Amino acid sequence: MTPDLFESVAPPLPGEAAAEPLAEGAVVLRGFALPAEAALLDGLQRVVAQAPLRRMVTPGGFTMSVAMTNCGALGWVSDRRGYRYAPRDPGSALPWPAMPQAFARLAVAAAARAGFPGFAPDACLVNRYEPGARLTLHQDRNERDFGAPIVSVSLGLPAVFLFGGRERSERPRRIPLAHGDVVVWGGPARLRHHGVMPVKSGDHPLLGGCRVNLTFRRAA
DNA sequence: AAGTACCC
DNA sequence: ACAG
C-alpha cells in the first residue's frame with residue numbers, strides 16, 4: 001500500500017489534521033485543537049480569572065465589540081494612545097498570566113504542522129465574541145519582526161473569518177470556522193489583512209453563547 | 001481603519 | 001466612503 005493511499009483512507013491522528021491551503025503561507029487546520037479541548041478550556045478559565053476580559057478603546061475613541069485579555073510575557077493592548085504590546089495588564093498593573101502549557105504546546109504544534117517550525121510565541125491574545133461582536137479588516141503589524149507566523153485558535157460558536165490581501169482594498173475570502181479549527185499564516189502571508197464577521201447568536205455545548213479566539217504571536 | 005456612517 |  002502506498003503512503004498516498006494510506007493517508008486517503010486512514011482517519012487523521014490527533015494533532016495531525018489535514019492542512020487546508022488558504023493562500024501561499026496560510027492554512028486552515030480543521031479540528032486541530034480538539035484533542036487539547038479540555039486543557040484549553042481549563043487554561044482559559046484560569047487566565048480569565050486572573051486577567052478579566054475587557055473591551056478596549058481604539059485610538060479613534062471607539063470601544064471595540066470584542067472583549068479581550070492576554071496571557072504570556074506580552075499582551076496586545078489598545079487605548080487612545082494607540083496599539084502596542086505591554087508586559088502588564090493595564091487594568092491591574094500586574095504582569096499578564098503565564099501562558100498555559102497547553103496553549104503553548106498547541107500553538108507550536110500548529111505552526112509546525114503549517115510549515116513554520118521553531119515558533120516561540122511570547123504573546124497570546126484572548127478574544128471573546130458575544131453575538132454581534134466583530135473585527136474589521138486589519139493587519140497584525142505591532143510585532144517587532146514579521147518572521148514568525150500568526151496562530152489563531154477558534155473555540156465555541158462558529159464564525160466567518162475574513163482573509164484579505166496585503167492591500168486593504170483587496171476583497172477578502174470568507175472562511176467558515178468552527179470550534180477546534182486553527183488558522184496559521186506567516187511568511188508571504190504574514191501581513192495579509194484579516195477580520196471576523198459579526199458572530200451570530202447560538203449555543204455551544206462547552207462555551208455557551210460566545211466565541212473565543214486565542215491568537216498566538218511572537219511580539220518581541 | 002482591531003472603527004462607524006451613510007447610501008443604494 | 002471616511003483620517004490618523
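By convention in this document, chain letters (A, B, ...) are assigned in the order of the sequence lines, proteins followed by strands, and residues within each chain are numbered from 1. All values derive from a computational prediction rather than experimental measurement.
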S.K.: Mind running side-chain contact (heavy atoms from CB on, under 4.5 Å) on A:Leu41 and A:Arg46 for me, showing each step along the way?
M.R.: CA-CA 9 Å; A:Leu41 294 178; A:Arg46 287 185 285 114; over 6 Å; no
S.K.: How long is the line joining CG of A:Leu135 and P of B:dT4, in whole Å?
M.R.: 11 Å
S.K.: A:His193 has an atom NE2; how far is it from atom P of B:dA1, in whole Å?
M.R.: 12 Å
S.K.: Could you give the distance separating B:dG3 and B:dC7 at their P atoms, to the nearest angstrom?
M.R.: 22 Å
S.K.: Which value, rounded to the nearest 0.5 Å, describes the distance between A:Phe116 atom CZ and A:Ile150 atom CD1?
M.R.: 10.0 Å
S.K.: With the side chain counted from C-beta on, respond yes when A:Met56 and A:Val66 share a heavy-atom pair under 4.5 Å apart, and no when they do not.
M.R.: no
S.K.: Indicate, with a heavy-atom threshold strictly under 4.0 Å, whether A:Arg217 touches base, sugar-phosphate, or nothing.
M.R.: base
S.K.: Rounded to whole angstroms, how far apart are CZ on A:Phe62 and P on C:dG4?
M.R.: 12 Å
S.K.: Roughly how many Å is it from CZ in A:Arg84 to P in B:dA2, rounded to a whole number?
M.R.: 15 Å
S.K.: How is A:Asp140 classified with respect to the nucleic acid when contacts are heavy atoms under 4.0 Å: base, sugar-phosphate, or nothing?
M.R.: base
S.K.: Quick check, are the ring centers of A:His138 and A:His193 under 6.0 angstrom apart?
M.R.: no
S.K.: Given the C1' atoms of B:dA1 and B:dA5, what is the spacing between them in whole Å?
M.R.: 13 Å
S.K.: For B:dA2 and A:Thr58 - does any side-chain N or O of the residue sit under 4.0 Å from the phosphate oxygens OP1/OP2?
M.R.: no
S.K.: Report yes or no: does A:Asp181 contribute a side-chain atom to a donor-acceptor pair with the main-chain N or O of A:Gly31 at less than 3.5 Å?
M.R.: yes
S.K.: Contact class for A:Asn142 vs. all strands (heavy atom < 4.0 Å): base, sugar-phosphate, or nothing?
M.R.: base
S.K.: What is the distance, rounded to the nearest whole Å, between atom CD of A:Gln139 and atom C1' of B:dA2?
M.R.: 12 Å
S.K.: Rounded to whole angstroms, how far apart are NE2 on A:His194 and P on B:dG3?
M.R.: 11 Å
S.K.: Mind calculating the distance between CG (A:Leu162) and C1' (B:dG3) to the nearest angstrom?
M.R.: 15 Å
S.K.: In whole angstroms, how far is the C1' atom of B:dA2 from the CH2 atom of A:Trp76?
M.R.: 5 Å
S.K.: For C:dA3, what is the paired nucleotide under Watson-Crick or G-U wobble rules, both distances under 3.5 Å?
M.R.: none
